[in-house]
Amino acid sequence: MTNNEIINSNMDDFCRYMLPFGSSDIWHCVDTALNVDLSMSELKDIITEYCESCDINPFDDSKHTLDINYILWDYILQQARYEIEKLTGIDIESDLSVYVSGNYMCTSFDWKSEDPEEIELGLRDANVTMDDLCVYTNFLLSQMDILIEAVAA
């Protein structure tokens, strides 16, 4: 093994230690954050606050269970949940079954088949337009294939 190969191998090991999340997980997390207009400083704060609230050290090599995508998607869900409940009286987690299905870079929202229609009807009854909704709620609705035009009608 050449000196460069040894250095590259050790560099990979060191990077995995310093950055326990895979680069694809990070890419997807950054992509999602940018889709909801979050700066990287805000993203760092969201992840840091989550870790502190759960007493998690993200660099603890014995616990590679931190899912940064789940943390961000849950943050988005909670912001959308609060707004939808404020506007419609519907708690999308308690009254319906919208939740985050954490799976690292494949993290997504999940729900019962009737939930999108209930949310759409609630927003229509409240005469809400898409312009009235924050970026987090718009992101959730787009993931649930709730047509923007249908809600705004």
Side-chain angles (χ1 to χ4, degrees), residues 12 15-153:
D12 289 343
C15 285
R16 273 191 296 278
Y17 170 74
M18 293 303 294
L19 190 61
F21 322 106
S23 62
S24 293
D25 290 335
I26 293 170
W27 191 95
H28 284 278
C29 190
V30 168
D31 181 50
T32 301
L34 293 174
N35 278 315
V36 294
D37 298 331
L38 286 171
S39 70
M40 294 307 99
S41 176
E42 292 167 316
L43 176 59
K44 177 192 72 75
D45 290 345
I46 290 165
I47 293 169
T48 300
E49 287 173 19
Y50 178 90
C51 289
E52 288 173 354
S53 73
C54 298
D55 197 27
I56 294 173
N57 176 355
F59 299 105
D60 183 348
D61 204 29
S62 67
K63 298 178 185 173
H64 286 290
T65 59
L66 186 64
D67 183 344
I68 59 175
N69 286 285
Y70 172 84
I71 294 167
L72 176 57
W73 283 64
D74 187 59
Y75 176 83
I76 294 167
L77 177 62
Q78 296 312 316
Q79 300 305 309
R81 176 187 184 191
Y82 172 76
E83 182 174 45
I84 291 170
E85 185 172 16
K86 189 171 111 184
L87 293 168
T88 67
I90 299 169
D91 183 333
I92 61 173
E93 279 189 305
S94 297
D95 299 337
L96 303 178
S97 297
V98 180
Y99 66 97
V100 176
S101 177
N103 189 12
Y104 300 91
M105 68 183 204
C106 296
T107 294
S108 63
F109 297 118
D110 205 356
W111 55 85
K112 287 185 179 175
S113 60
E114 62 270 11
D115 290 349
E117 184 178 353
E118 291 289 326
I119 294 169
E120 184 177 330
L121 289 173
L123 291 171
R124 263 198 226 184
D125 289 347
N127 293 316
V128 173
T129 68
M130 296 315 292
D131 292 337
D132 298 326
L133 300 173
C134 72
V135 67
Y136 306 113
T137 304
N138 279 311
F139 181 80
L140 170 69
L141 297 180
S142 72
Q143 296 296 307
M144 296 179 74
D145 293 324
I146 296 176
L147 297 175
I148 294 173
E149 294 79 18
V151 175

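A ring pair (Phe, Tyr, Trp, His ring centres under 6.0 Å) with Y75 is found for exactly one of Y50, Y70, Y136, namely Y136. With E83 as reference, L133 is the one residue of D132, L133, T88 to meet the side chain to side chain contact (heavy atoms under 4.5 Å, CB included) rule.
Of the N and O atoms on the side chains of T32 and N35, not one donor lies less than 3.5 Å from an acceptor on the other residue. A donor-acceptor contact under 3.5 angstrom links the side chains of Y99 and D110, judged on distance only.
Rounding to the nearest 0.5 Å places CG of D67 at 5.5 Å from OH of Y104. Here E114 contributes atom CD and I119 contributes atom CD1; the two are 10.5 Å apart, rounded to the nearest 0.5 Å. Atom-to-atom distance recorded for M40:CE and I47:CD1 is 9.0 Å, nearest 0.5 angstrom. Between the CG atom of D31 and the CD1 atom of I26 there is a distance of 13.5 Å, given to the nearest 0.5 Å. The distance from the CD1 atom of I84 to the CG atom of L141 is 5.5 Å, given to the nearest 0.5 Å. Note: T137 OG1 to Y82 OH = 11.5 Å, rounded to the nearest 0.5 Å.
Across D115 and S97, no two heavy atoms sit closer than the pair OD2-N, 3.0 Å. Of all the heavy atoms in I90 and G122, the pair that sits closest is CD1-CA, 3.9 Å. Of all heavy-atom pairs between A80 and L140, the closest is CB-CD2, 3.7 Å. Of all non-hydrogen atoms in C51 and L66, the two that sit nearest each other are SG-CD2, 3.8 Å.
Remark: the backbone N or O of M105 is paired with a side-chain donor or acceptor of D25 at under 3.5 angstrom. S142 places a side-chain N or O within 3.5 Å of a backbone atom of F139 that can act as its donor or acceptor partner.
Residues C29 and L43 are in side-chain contact: their nearest non-hydrogen atoms beyond the backbone lie under 4.5 Å apart. Put simply, the side chain of Q78 reaches to within 4.5 Å of the side chain of E93, judged on heavy atoms.
The environment of CD in E117 is sparse: at most 12 heavy-atom neighbours from other residues, nucleotides or ligands sit within 6.0 Å.
Look at R81 and E85 and you find no salt bridge, because none of the NZ, NE, NH1 or NH2 atoms lies under 4.0 Å from a carboxylate O.
A tilted orientation is assigned to the rings of W73 and F109, their planes being inclined by 30° to 60°.
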